[in-house]
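Notes follow the structure.
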Amino acid sequence: MTKIFNDPSEFAEEALAGFCDVYSGLVRQVPGGAVRRHRPANPKVAVLAGGGSGHYPAFAGLIGTGLADGAVVGNIFTSPSAQQAYAVAKSADSGAGVVFTYGNYAGDVMNFGMASERLAAEGIQVENVLVTDDIASAPPSESDKRRGIAGDFTVFKIMGAAAEAGADLADVVRLGRKANSLTRTIGSAFHGCTFPGADAPLFTLQDKQMGLGLGIHGEPGLFDTDLPSAKELGQEFVSRLLAETPPGAGDRLAVILNGLGSTKHEELFVLWLTVALLLRDAGYTLVMPEVGELVTSLDMSGVSLTITWLDEELEPLWTAPAETPAYRRGTAAVQLGAASGQETSDAGTADVPFEADGDSRAYAVQCVAALEAARQSLHAAESRLGDLDAVAGDGDHGRGMVRGIDAAATAGAAAGTRGAGAGSVLIAAGDAWADKAGGTSGVLWGAGLRALGESLGNQRTPGAEELAAGMSAFAARITDLGKAGPGDKTMVDALLPFTETLTRLVQEGAEPRQAWASAALDAVAAAEATAALRPLKGRARPLAEKSLGTPDPGATSLAMIFTVMGPFLAGSGQSATTSSETAGALS
């Protein structure tokens with residue numbers, strides 16, 4: 001259990017600040033993460049690893065010569081926001097382009113993708129390399145859907161070495177994707193990890209059981225089985241990995257036996273004896289193997305085995321020197337340019353006066369009240385939403401939603417105080433939600449609120465048809481961005497019934513408050529019905545069977561939010577306290 005913390009919600013930020021202070025000679029903190037303390041003497045490709053906190057040494061611990069130029073750091077097990085990725089890239093870019101590299105998770109793909117679009121629009125060369133090494137998360141025929149786990153390290157190391165040697169952006173990307181295509185990982189968990197401030201782990205196992213096919217965000221294994229001996233576990237791992245030997249692969253391997261957070265090194269060494277023997281008996285030469293903690297999951301008890309088939313091009317990059325706060329290999333020659341204390345950011349621009357008419361400003365007050373009602377509702381439901389998410393995910397949905405709504409409510413209220421109309425209030429709230437919450441739900445809620453604000457605008461109070469059109473824009477932005485559809489067991493399963501009912505009733509002439517209330521009831525029913533579905537998107541997809549019988553947390557929270565926001569957005573003026581009590585009854 002994680003025992004050392006102050007405010008659990010600030011744990012990730014404080015951990016990053018402490019890390020940057022300890023290793024101030026090697027790294028410096030910047031908005032969104034950290035970068036190398038010194039800029040290169042000449043332009044070089046900036047390799048930027050990224051993802052949520054809780055995986056140390058990944059990601060910030062790998063910043064340094066021969067490895068990463070920077071790390072984009074999100075909250076615990078939560079993807080960083082697009083703004084964080086953009087800010088770190090701006091700080092790390094030295095003129096040769098940047099490449100984001102990260103595990104294949106929906107939130108990371110969305111946020112790094114949006115940051116890449118913004119950087120490209122400014123003329124900065126930018127690419128993305130996704131890691132998909134986990135063989136348990138999808139069959140070989142769907143390898144592009146696999147998640148990235150400890151194979152992150154191998155891909156990061158090869159890309160970092162290539163960039164350090166002077167390779168251009170296209171070559172660094174090519175080598176990273178090649179390494180990923182030749183990397184396979186399988187893992188098992190013995191006990192779940194515990195979030196700071198939580199009083200129980202995300203999952204537990206019966207005595208003498210293990211979960212095979214773990215994830216690195218606190219997810220349980222894909223299925224539970226009897227706890228084997230070290231020899232039996234080694235045989236299980238090796239046989240599964242070698243069954244996926246790439247066509248034409250050579251006989252030299254990079255091997256990582258990785259502890260997930262609380263598995264002792266001595267245990268890893270015992271397991272290594274079997275792993276190494278089996279691989280050598282299969283005719284492989286093991287090239288500079290690593291045994292220890294490289295990609296962890298807070299305090300999870302577990303282990304994973306990663307192998308990468310090397311060739312004449314990849315092997316020198318795997319064995320090349322590196323020096324970072326958490327990882328050293330050989331003697332890395334550090335070529336330092338002038339130390340840079342400057343941080344490049346687009347933050348801090350002067351406020352631009354809002355333009356809005358009196359009616360829209362009056363309606364903006366209702367929007368701020370709606371956000372406050374959602375804030376109270378989500379705080380009350382945080383634990384329940386986390387429990388729902390922990391069944392087949394990483395258990396962070398409640399905390400992520402609370403972080404998002406807190407930021408959204410604060411930003412919306414601040415915009416309203418400065419004279420913003422309804423559209424600008426909702427846009428400010430959406431942008432803050434996406435930036436502070438991170439993760440898939442963060443970027444989707446942020447994008448949806450922005451779309452609603454853009455649709456409503458800052459002139460006059462919206463009528464029923466305008467409100468229905470705004471919610472349709474909300475839904476369209478989310479489905480376009482997230483690519484989920486009905487039946488995928490996501491928030492969309494509650495969102496589409498809501499918008500369809502609202503639109504239909506408004507077209508039939510129903511009074512706005514009643515139309516919204518009926519649509520919210522349909523959303524609640526649809527969210528509850530997701531218990532019968534198997535997830536086809538997101539982190540819960542590999543654990544589809546475990547998810548059966550549990551409603552989707554994203555659909556549940558969306559129905560809850562829409563229920564409490566309705567009285568304000570549809571015009572009743574009901575108090576936030578009363579609305580929060582209504583949400584409590586739903587949860």
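Inspection of the N6 and E14 side chains reveals an N or O donor paired with an N or O acceptor under 3.5 Å. For the 3.5 Å distance criterion, the side chains of N128 and Y102 qualify, holding a donor opposite an acceptor. Between the side chains of H55 and S297, no donor-acceptor pair is found at a separation under 3.5 Å. Under 3.5 Å, the side chains of N180 and T132 contain a donor-acceptor pair of N or O atoms. Counting only N and O atoms by type, the side chains of S79 and N111 include a donor and acceptor under 3.5 Å apart. Between the side chains of Y86 and E117, not a single donor N or O lies within less than 3.5 Å of an accepting N or O.
Residues passing the ring-ring contact (aromatic ring centres under 6.0 Å, His included) test with F153, sequence neighbours excluded: Y327. Checked against side-chain contact (heavy atoms from CB on, under 4.5 Å), S472 has the following partners two or more places apart in sequence or in another chain: T503. The side-chain contact (heavy atoms from CB on, under 4.5 Å) test applied to D171 returns A167, D168, R174, L175, not counting sequence neighbours. By the side-chain contact (heavy atoms from CB on, under 4.5 Å) test, I478 is found to be paired with L444, F474, M491, V492, L495, residues two or more places apart in sequence or in another chain being considered. Considering only residues two or more places apart in sequence or on other chains, N258 meets the side-chain contact (heavy atoms from CB on, under 4.5 Å) condition with A150, I256, L260, L294, V295, S304. By the side chain to side chain donor-acceptor pair (under 3.5 Å) test, S360 is found to be paired with no residue, residues two or more places apart in sequence or in another chain being considered.
By the 4.0 Å N-to-carboxylate-O rule, R146 lies too far from D134 to be salt-bridged with it. Electrostatic pairing of D431 and R450 counts as a salt bridge here, judged by a charged N lying under 4.0 Å from a carboxylate O. Between R477 and E454 there is a salt bridge, since at least one side-chain N of the basic residue sits less than 4.0 Å from a carboxylate O of the acidic one. Ionic pairing of E164 and K157 is not present here: no N-O contact between side-chain nitrogen and carboxylate oxygen is shorter than 4.0 angstrom. Ion pair K483/D488 not flagged as a salt bridge, since none of the NZ, NE, NH1 or NH2 atoms sits closer than 4.0 Å to an Asp/Glu carboxylate oxygen.
Ring pair F195/F11: centre-to-centre distance not below 6.0 Å. Note: F112 and F100 meet the aromatic proximity criterion, with ring centroids under 6.0 Å apart.
The shortest non-hydrogen separation linking G421 to A364 is C-CB, 3.7 Å.
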